[in-house]
Amino acid sequence: MKKYSPQEIEQHLYENWESNGYFAPSGNGKPFSIMIPPPNVTGTLHMGHAFQHSLVDALIRFRRMKGDRTLWQMGTDHAGIATQLIVTEQLQAHGIKPADLGREKFLEKAWEWKHTSGGTISRQLRRLGASLHWETERFTLDEGLSRAVLEVFIRLYDEGLIYRGKRLVNWDPELKTSISDLEVESEEEKGYLWHFRYPLAEPVNGQEYVIVATTRPETMLGDTAVAIHPDDERYRHLVNQEVILPLCERRIPVITDPWVDSEFGSGCVKITPAHDFNDYDMGTRHDLPIINIFHVDATLNEKVPEQYQGLDRFEARKRVVEDLESLGLLEKVEEHTMTVPRGEKSGVPVEPYLSDQWFVKIKPLAEPAIKVVEEGDIEFIPKNYENNYFAWMREIQDWCISRQQWWGHRIPAWYDNEGNIYVAHSEEEVRSKYALADDLPLSRDEDVLDTWFSSALWTFSTLGWPAQTEELEIYHPSDVMVTGHDIITFWVSRMIMMTLKFMGEVPFRKVYVTGLVTDSEGQKMSKSRGNGLDPLDIIDGITLDDLVAKRTENLMQPRMAKRIEQMTRKEFPDGIPTYGTDALRFTFYAIATRSRKVRFDLNRVEGYRNFCNKLWNAANYVFVNTLDHNHSGDAMEPGPVDRWILSELNNTIGAVEYAMDTYRFDLAAKAVYEFVWDELCDWYLELCKPRLADPNTTEAQLRGTRHTLLSVLETTLRLAHPYLPFITEELWQQVPTTIRNSGETIMLQGFPEARDELVDEEATADIAWVKQVITGTRNIRGEMNISYGQAIPVKFYNGNEQDKARLAKYERLLEFLIKAESFEWLDPSDTIPLSATHLVGDMQVLVPMSGLIDKEAELSRLEKEITRKQKDKERAESKINNPDFVAKAPHAVVQKEKDKLTDLVTALDQLEEHKSRVAAL
RNA sequence: AGGAGCGUAGCUCAGUUGGUUAGAGCGCCGCCUCGACAAGGCGGAGGUCCUCGGUUCAAAUCCGAGCGUUCCUACCA
């Protein structure tokens with residue numbers, strides 16, 4: 001058998017699975033479905049995806065093996081803004097402006113890009129082992145999904161739940177489109193607070209000007225009022241006065257409004273209704289003029305004095321400040337930290353901007369969506385994310401769904417010359433629906449819908465809606481949605497709302513919220529930080545130079561390259577070795593705790609690669625000892641060791657099952673890991689060796705043990721398959737069909753079932769005793785520095801009948817594993833030789849000291865043990881001497897404590913006695 | 001400002017309904033090529049479970065306050 005080498009097995013196994021159609025739902029079991037959160041079609045797989053999809057694949061493989069009719073629906077998202085941005089950049093690299101190209105040509109380019117790069121993410125998902133149902137793959141812009149989108153839009157419009165309106169929206173001047181509240185990211189930044197003097201039209205009581213403070217001087221060109229708090233005594237005399245807006249020389253009123261915070265700045269605030277959300281509200285309240293001073297790219301328009309027209313907003317800011325200063329109107333400038341809203345995709349500050357947009361009236365949709373979570377029809381895991389959800393949903397604002405872009409679902413609305421709006425699937429339908437004359441000129445709305453509008457329909461649109469398909473009938477609602485917490489508001493909440501509205505049922509029953517994958521320092525992985533890892537580089541490995549090149553290419557800030565290179569060379573001096581998919585996946589399960597941050601550390605991957613290797617070698621050992629021998633047949637006598645491991649395996653199956661039911665992937669991984677490494681490898685395989693090697697073992701006994709070896713291995717492989725799909729398949733194929741089902745793939749075998757009859761208390765207690773005897777002598781060897789080359793005499797003293805029976809039963813096994821020269825029971829009348837000792841219950845295991853044992857070492861070993869036990873004894877005593885404890889604690893707890901104390905007392909007696917005899921030496 | 005989470009070994013984290021000798025991985029120290037595995041084996045060191053107070057016979061676990069930290073939402077002229 002070859003060495004464990006993931007790259008040799010993984011890829012061809014996946015191709016085999018896929019070509020055999022194993023990923024398709026099959027059978028007549030209970031339906032189980034998960035819809036993939038559609039990745040950006042032109043994107044690549046990042047760690048967050050790899051993490052999420054690994055978790056889902058384990059769930060899917062688990063349910064499939066359990067016999068469910070399991071569908072993992074594949075699909076991709078057109079990712080409107082992100083994709084349009086990439087295509088635009090590509091065109092610009094060739095000196096082409098999208099505007100020169102025009103809408104149709106641009107879209108052709110975008111589709112071309114989709115076709116060339118769309119395969120990347122699929123290839124990556126395959127490398128991850130994701131058992132997705134590829135045959136029904138969907139795309140948010142494909143014909144079927146587009147039909148669903150139009151249908152939803154039209155129905156909502158006809159119901160009055162979608163409307164068009166002129167509103168202040170978040171505007172991205174770089175992308176020249178509106179974006180939703182969620183697509184705005186606010187970060188604290190350092191800036192300035194400028195205090196300006198606005199001259200009063202008529203001096204009042206000798207006061208000639210008021211001071212207003214602003215962080216955005218350029219917007220003053222659109223001011224239409226100055227506001228103060230109605231109770232502010234300092235300014236009471238200015239109410240109903242006017243100021244002359246500098247630079248514009250416009251007379252604007254001083255108004256009062258309770259929103260004004262008298263404590264901030266001068267307590268007097270300039271009002272720019274067209275360029276600030278609060279000012280807009282106030283402008284509406286006070287019927288102020290709304291002067292929009294920006295073009296779509298946030299350069300100043302013709303509403304401002306000529307010298308500022310055409311200036312960029314930041315340039316205008318500088319000029320306004322200079323000009324006011326030279327007019328003597330700059331009172332002072334303070335440093336000021338504030339949160340600057342930036343476009344998620346473009347990174348530039350977002351501008352509140354007045355424009356015509358489409359909105360979803362969201363409250364009526366939100367109410368039922370809140371209710372289903374309150375009533376438990378949808379359950380979040382962990383549950384506390386429901387708080388986030390409720391908080392968002394209860395405060396939810398109408399959703400701006402129009403984007404001034406080309407790549408996306410074009411809004412199915414037409415206008416006549418009077419600006420009347422007509423909404424239907426097509427222009428023909430518009431004419432018939434609204435009974436319009438054939439020659440009435442109509443023009444279609446230029447905008448497209450927010451990407452999340454189509455994603456909101458994902459669970460049912462992928463299954464064929466609005467057609468009433470069989471798939472929809474069987475697989476909807478889906479069972480669980482696995483996603484990051486950052487996407488609850490963007491997507492999860494909107495899916496719930498839209499699905500309730502159009503399907504009359506929930507989109508999924510559970511939302512499993514994963515943590516956010518960060519680097520080993522807890523930093524978010526990002527291109528600009530240069531700390532990102534490509535999952536494929538962990539699977540396949542990468543040289544240091546390639547990794548550095550990858551991390552430093554196409555940086556937004558090229559000056560960071562040097563730091564990123566240094567950091568990378570320090571962290572990965574040898575690059576990244578080939579770890580394989582199984583190791584990467586197992587790492588994901590192991591770190592999938594309930595924590596909201598998930599630190600990814602390559603040391604963990606290495607550890608789990610080693611785990612795969614361990615499993616590989618263990619299987620190798622099992623095969624070597626069984627395949628060419630009789631390992632099954634009528635007469636099989638498994639021994640207690642065999643019964644013990646079956647019992648342990650059975651417990652592990654239960655633990656894994658429980659972990660999967662509660663979405664604790666970390667605990668599932670831990671149970672598998674500990675069983676394989678600690679019980680199977682460290683103990684069972686070792687405990688079998690004496691039996692297999694002993695010439696006195698009967699054929700039936702040999703068969704029993706060999707059969708158990710193979711069958712435990714085979715069951716373990718099925719147990720581990722959802723987490724380690726490749727290595728388990730590779731090994732399972734080598735298990736003879738005398739042991740396993742004759743099926744073609746482990747993927748479609750039954751998941752192991754916990755069976756009560758396999759629990760064997762007697763064998764478990766026996767082996768626990770055996771382990772203690774072995775561990776005790778190992779401890780003596782370790783501390784006394786007695787090498788395993790040297791056989792040791794072992795004596796037993798003060799054992800009870802059970803100890804004696806057990807020693808007789810396991811004598812050969814113990815001799816073999818302890819490397820004992822001899823075993824001997826000592827009678828109470830015997831002179832006890834000076835020895836190193838270890839207690840197993842009341843029984844002393846003694847290794848005589850002659851020539852082997854260092855007196856001082858044994859004394860300090862004893863001292864340590866005595867101190868430990870003494871502490872335990874004191875603790876137990878204080879409990880038992882407490883009458884309240886004895887009176888109030890459950891009887892079992894009290895009894896347990898009493899037993900413990902009795903044991904400790906005898907143990908201490910023996911240790912003390914032993915110590916004094918060693919000391920007397 | 002409001003809300004939420006977290007604080008356990010040097011590091012990263014488990015620890016179910018309160019009763020465990022408080023665990024794991026990595027790291028650290030010592031020994032070992034013994035026929036599955038050095039990507040390994042065996043042994044070992046290492047903890048004021050953030051602090052204070054409360055509830056309880058009993059608190060890492062429940063409650064309150066504080067400190068530290070992270071995140072979300074809103075606002076910041």
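Sequence lines set the chain letters: A, B, ... in the order given, protein chains first and strands last, and positions in each chain run from 1.
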Trainee: Under 4.0 Å, heavy atoms only, any strand: does R664(A) hit a base, just the sugar-phosphate, or nothing?
Mentor: sugar-phosphate
Trainee: Using the P atom on both, measure C50(B) against A60(B) and round to a whole Å.
Mentor: 10 Å
Trainee: Ring centroids only, cut at 6.0 angstrom: are F611(A) and Y723(A) within range, meaning strictly under it?
Mentor: no
Trainee: Given C13(B), is OP1 or OP2 found less than 4.0 Å from the side-chain N or O atoms of K670(A)?
Mentor: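 So the side-chain polar atoms of K670(A) never come under 4.0 Å of the phosphate oxygens OP1 or OP2 of C13(B).
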Trainee: If we ignore angles and hydrogens, is there a donor and acceptor under 3.5 Å between the side chains of E606(A) and N610(A)?
Mentor: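 Note: E606(A) and N610(A) side chains miss the donor-acceptor criterion.
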Trainee: How would you label the contact of V893(A) with the nucleic acid (heavy atoms, under 4.0 Å): base, sugar-phosphate, or nothing?
Mentor: base
Trainee: Nearest to the side chain of T593(A) - G19(B), C13(B), A4(B)?
Mentor: C13(B)
Trainee: In this structure, how many angstroms lie between the P atom of C75(B) and the CD atom of E263(A), rounded?
Mentor: 20 Å
Trainee: Whom does C75(B) pair with, Watson-Crick or G-U wobble, provided both distances fall under 3.5 Å?
Mentor: none
Trainee: Counting side-chain heavy atoms from C-beta on, which of A36(B), C34(B), G5(B) comes nearest to K819(A)?
Mentor: C34(B)
Trainee: Using a 4.0 Å heavy-atom cut-off across all strands, classify K900(A) as base, sugar-phosphate, or nothing.
Mentor: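 K900(A): backbone/sugar contact only, no base atoms under 4.0 Å.
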Trainee: Under 4.0 Å, counting only non-hydrogen atoms across every strand here, what does T662(A) touch: a base, just sugar-phosphate, or nothing?
Mentor: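 The answer is nothing, as T662(A) stays clear of every strand by at least 4.0 Å.
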Trainee: Under 4.0 Å between any heavy atoms, over every strand shown, what does V212(A) touch: base, sugar-phosphate, or nothing? Just pick one.
Mentor: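 Result for V212(A) = nothing.
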Trainee: Mind checking the C1' distance from G27(B) to G35(B)? Whole angstroms is fine.
Mentor: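 About 31 Å, rounded to a whole number of Å.
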Trainee: Looking at the side chain of N785(A), which of G43(B), C31(B), G25(B) is the nearest nucleotide?
Mentor: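 Among G43(B), C31(B), G25(B), the one nearest the side chain of N785(A) is C31(B).
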Trainee: Considering only atom P, compute the distance from G10(B) to C49(B) and round it to an integer number of Å.
Mentor: 12 Å
Trainee: Given G41(B), is OP1 or OP2 found less than 4.0 Å from the side-chain N or O atoms of W677(A)?
Mentor: yes
Trainee: What does C42(B) pair with, Watson-Crick or G-U, if both distances are under 3.5 Å?
Mentor: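 Pairing partner, where one exists within any strand: G30(B).
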Trainee: If you measure from the C1' atom in G25(B) to the same atom in A36(B), how many Å do you get, rounded?
Mentor: 23 Å
Trainee: With rounding to whole Å, what would you report as the distance between U61(B) and G7(B) at their P atoms?
Mentor: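 My reading of the P atoms in U61(B) and G7(B) gives 11 Å.
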Trainee: Looking at every strand, decide which applies to F611(A) at a 4.0 Å heavy-atom threshold: base, sugar-phosphate, or nothing.
Mentor: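 The residue F611(A) makes no contact with any strand.
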Trainee: Atom CZ of R781(A) to atom P of C42(B): distance rounded to whole Å?
Mentor: 14 Å
Trainee: When the P atoms of G41(B) and C26(B) are compared, how many Å lie between them, rounded to an integer?
Mentor: 9 Å
Trainee: Which is true for R599(A) with a 4.0 Å heavy-atom rule: it touches a base, it touches only sugar-phosphate, or it touches nothing?
Mentor: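 Sugar-phosphate contact only - R599(A) comes under 4.0 Å of backbone atoms but never of a base.
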Trainee: Nearest to the side chain of Y4(A), heavy atoms from C-beta on, is which of C37(B), A39(B), U12(B)?
Mentor: A39(B)
Trainee: Can you tell me the pairing partner of A14(B) across any strand shown, Watson-Crick or G-U wobble, with both distances under 3.5 angstrom?
Mentor: none
Trainee: For L901(A) and A876(A), work out which heavy atoms get closest and say how close.
Mentor: CD1-CB, 4.0 Å
Trainee: In this structure, how many angstroms lie between the P atom of C6(B) and the OH atom of Y385(A), rounded?
Mentor: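 In whole Å, C6(B) P lies 10 Å from Y385(A) OH.
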Trainee: From the options A39(B), C42(B), U16(B), select the nucleotide whose nearest atom is closest to the side chain of Y658(A).
Mentor: U16(B)
Trainee: Taking the inter-plane angle between the rings of Y673(A) and Y608(A) on a 0 to 90° scale, is it parallel (under 30°), tilted (30 to 60°) or perpendicular (over 60°)?
Mentor: perpendicular
Trainee: Let me know the distance between NZ of K597(A) and C1' of U70(B), rounded to the nearest Å.
Mentor: 6 Å
Trainee: A36(B), G44(B), U12(B): which one has an atom nearest the side-chain heavy atoms of R604(A)?
Mentor: U12(B)
Trainee: Which value, in whole Å, describes the distance between the P atoms of nucleotides C42(B) and U56(B)?
Mentor: 47 Å
Trainee: Atom CG of L667(A) and atom C1' of G15(B): how far apart are they, to the nearest Å?
Mentor: 9 Å
Trainee: Could you walk me through whether T777(A) and K819(A) satisfy the side-chain hydrogen bond (donor to acceptor under 3.5 Å, both in side chains) test, starting with their C-alpha distance in whole Å, then the side-chain angles of each, then the deciding distance to 0.1 Å, before giving a yes or no?
Mentor: CA-CA 10 Å; T777(A) 57; K819(A) 291 242 160 69; over 6 Å; no
Trainee: Is the phosphate of C11(B) approached by N603(A) (side-chain N or O, under 4.0 Å from OP1 or OP2)?
Mentor: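 For C11(B), OP1/OP2 do not have a side-chain N/O of N603(A) under 4.0 Å.
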Trainee: Mind checking the C1' distance from A9(B) to G54(B)? Whole angstroms is fine.
Mentor: 29 Å
Trainee: What contact category does D486(A) fall into here, base, sugar-phosphate, or nothing, at under 4.0 angstrom with non-hydrogen atoms?
Mentor: nothing
Trainee: Contact class for P883(A) vs. all strands (heavy atom < 4.0 Å): base, sugar-phosphate, or nothing?
Mentor: nothing
Trainee: Output the single nucleotide from A36(B), A14(B), G19(B) whose closest atom is nearest the side chain of S595(A).
Mentor: A14(B)
Trainee: Between atom CG in D884(A) and atom C1' in G19(B), what is the gap in whole Å?
Mentor: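 These atoms are roughly 16 Å apart.
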Trainee: Quick one: W683(A) CH2 to C42(B) P, roughly how many Å, whole number?
Mentor: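 Nearest whole value for this atom pair: 8 Å.
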Trainee: Choose from G44(B), A39(B), C71(B) the nucleotide whose nearest atom is closest to any side-chain atom of H485(A).
Mentor: C71(B)
Trainee: Quick one about H195(A) and E334(A) (side-chain donor to acceptor, distance below 3.5 Å, no hydrogens or angles considered), yes or no?
Mentor: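 A pair is found: one side chain offers a donor N or O, the other an acceptor, under 3.5 Å apart.
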Trainee: Is there a side-chain contact between K524(A) and the phosphate of U70(B), meaning an N or O under 4.0 Å from OP1 or OP2?
Mentor: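 No, K524(A) has no side-chain N/O under 4.0 Å of OP1/OP2 on U70(B).
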Trainee: Partner of U51(B) by Watson-Crick or G-U wobble geometry, both contacts under 3.5 Å, or none?
Mentor: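 Across all strands, the one nucleotide that pairs with U51(B) is A65(B).
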Trainee: Looking only at side-chain N and O atoms, does H286(A) offer a donor or acceptor that is under 3.5 Å from a partner on D257(A)?
Mentor: yes
Trainee: At 4.0 Å (heavy atoms only), tell me whether S787(A) reaches a base, stays on the sugar-phosphate, or touches nothing.
Mentor: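 S787(A): no heavy atom of the nucleic acid under 4.0 Å.
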Trainee: Would you classify N779(A) as touching base, sugar-phosphate or nothing, given that sugar-phosphate means primed atoms plus P, OP1 and OP2, and contacts are heavy atoms under 4.0 Å?
Mentor: sugar-phosphate
Trainee: Please give, in whole Å, the distance from C31(B) P to R778(A) CZ?
Mentor: 19 Å
Trainee: Which heavy-atom pair separates Y658(A) from T662(A) by the least distance, and what is that distance?
Mentor: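 Heavy atoms of Y658(A) and T662(A) come nearest at O-OG1, 2.8 Å.
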Trainee: Any idea which of U21(B), A36(B), C57(B) is nearest the R875(A) side chain?
Mentor: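 When the side chain of R875(A) is considered, U21(B) is the closest of U21(B), A36(B), C57(B).
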Trainee: Take L193(A) and K888(A), find for each the nucleotide of RNA chain B with the closest heavy atom, and name the residue whose nucleotide sits nearer the 5' end.
Mentor: K888(A)
Trainee: Checking side-chain hydrogen bond (donor to acceptor under 3.5 Å, both in side chains) against R342(A), which of E189(A), E183(A), E185(A) comes through?
Mentor: E189(A)
Trainee: Mind checking if C681(A) touches a base, just sugar-phosphate, or nothing, with heavy atoms under 4.0 Å?
Mentor: base
Trainee: Taking any heavy-atom pair under 4.0 Å as a contact, classify W194(A): base, sugar-phosphate, or nothing.
Mentor: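 W194(A): no heavy atom of the nucleic acid under 4.0 Å.
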Trainee: Pick the closest RNA chain B nucleotide for R609(A) and for D682(A) by heavy atoms, then say which residue is nearer the 5' end.
Mentor: R609(A)
Trainee: Using a heavy-atom cut-off of 4.0 Å across all strands, would you classify K879(A) as base, sugar-phosphate, or nothing?
Mentor: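 Sugar-phosphate contact only.
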Trainee: The side chain of F885(A) is closest to which nucleotide in this list: A39(B), A36(B), C57(B)?
Mentor: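 Nearest to the side chain of F885(A) among the choices is C57(B).
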Trainee: What are the two closest heavy atoms between P246(A) and L324(A), and how far apart are they?
Mentor: CB-CD2, 3.6 Å
